[in-house]
Amino acid sequence: MARRYDSSTTTFSPEGRLHQVEYAIEAINNAGTCVGILAKDGIVMASESRITTGLLAPAKNSEKTYKLSSHAACNVAGLTADANILIDQARLRAGRYLYEYQEAIPIELLVEFVCNYKQSYTQYGGLRPFGVAFLFAGYDEYHGFQLYQSDPSGNYSGWKATVIGANNQAGKSLLKTEYEEPSVEEALQLAVKVLNKTMDGTAASTEKMELFKMTLDKNGECVHHILTKEEAQAVVDAVAAESKTDTDS
Amino acid sequence: MSILEYNGAAMIAMAGKDCVGIAADRRLGIQLQTVAMDFEKVFQMGPKLFVGLAGLATDVQTLRNLLKFRLGLYELREERQMSPQVFSHLLSTILYEKRFGPYFCEPIVAGLDESGKPFLSGSDLIGATVKTDDYVVSGTCTGNLHGMCETLFKPDMEPDQLFETLAQSLLASVDRDAMSGWGGVVHIITKDGVTTKELKGRQD
């Protein structure tokens, strides 16, 4: 029924939809889940890494989390090849802003830049949209810690907590009931709880997830930290212990 | 009047035993007038990597920002620190890109590579680089600097001795140069970290 208006990004359907953009958004609903949570003293991002075979060489530092600048990082859901282009663009933009103003780029400006770049692939002819959704985590001195989500249409919004990727609706509903201005430590546990819910019912294990936190050190500088296996295991254990006491009582 | 002598500078980088040091004067002048006595010409680019930029002040600052930008991108993409050798080569490439409208800057690079071995290099304003294992100099009184360094340098100096040698070489050289001086700064880099000291010199 919508066939005639499917194939070109630059054509609206009679119902006023851009089908190519919607199909791109669909591609992300099959990708590994990413959770982002804004905490009082930082930001937490947790993601499911879909390691399909033991033959895959392990990623050097991280599979889903990418540093964009000293004060910004992102998590990716969707086509990794597409994401690499956008991540490089974001890094260049942040670097150029720093070069020009000798000041770190405000996070919303960086997100807006990436989103405008994505949007141009939905309006100018011949090119398909990027099949990527991002969670951006960043800190600037004007607005503190911020969490943003963006999708292939180039739309973005700021969140206190959100989920993208597979089973994101289940994750979001859990966050709606359980999010309560957490500390970073509490947010890590909440993120693991969300992943537990979204990851096909099986309990999340540290092999399949990546936990990231962004905080400030005592000099006010941003610290990016991907939790080690031991640290992640400690969080998973804490969540398991808590749920056990819940079921016991 | 040479454009490279417009603002004035004097700097030395020297190798010791498992350590390097880099020292520079503090003067910023506009020809004969001294405008600042706290002008920074040596910049830390990594935990064990320093670059000294001697020449036209605007190019000193621009090059510093450019290098910070390029180094930042490298570290984001490659997820590792840039080694001094690579940094020196990057600097050379950046300078040569402006072959027919150059940055008026003659830099020196000092650092410890991944294995802790000292690295020194110096280049001209269009990127011709030399690597040495004793010392490199740059600025408006290179004749004086070479003379002092050649006389006072000994191989395998310990960090404290290296500091003394650098400080004495610099201070004695700038006294016979109108365009450099007004104090100095010395950074000593060892595997344990960086120590920085200010030098008290003739304020003329």
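Bear in mind that the values here come from a model prediction, so they are computed numbers and not experimental data. Every chain is numbered from 1, with letters handed out A, B, ... down the list of sequences.
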| Quick one: does Glu103(A)'s side chain get under 4.5 Å of Leu98(A)'s, heavy atoms only? | no
| field | Per-residue contact mode, Arg80(B) against chain A (heavy atom under 4.5 angstrom) | value | neither
| remark: Turns out that what part of Arg77(B) lies under 4.5 Å from chain A's heavy atoms comes down to both
| message | Report which part of Ser70(A) has an atom under 4.5 Å of a heavy atom belonging to chain B: side chain, backbone, both, or neither. | response | neither
| query | Taking it one step at a time, do His225(A) and Glu231(A) satisfy side chain to side chain contact (heavy atoms under 4.5 Å, CB included)? | reply | CA-CA 11 Å; His225(A) 183 61; Glu231(A) 290 168 333; 2.8 Å; yes
| message | Can you confirm if the NZ or CZ of Arg93(A) lies within 45° of the ring axis of Phe113(A) and under 6.0 Å from the centre of its six-membered ring? | response | yes
| query | Should the heavy atoms of other residues, nucleotides or ligands under 6.0 Å from CZ of Phe153(B) be counted, would the total exceed 12? | reply | yes
| message | A quick test of your reading: do over 12 heavy atoms of other residues, nucleotides or ligands sit less than 6.0 Å from NE2 of His89(B)? | response | no
| request: Go through the atoms of Leu73(B) and report whether side chain, backbone, both or neither lie under 4.5 Å from a heavy atom of chain A. | output: side chain
| said: Less than 4.5 Å to any heavy atom of chain B: does that hold for the side chain of Leu68(A), its backbone, both, or neither? | reply: backbone
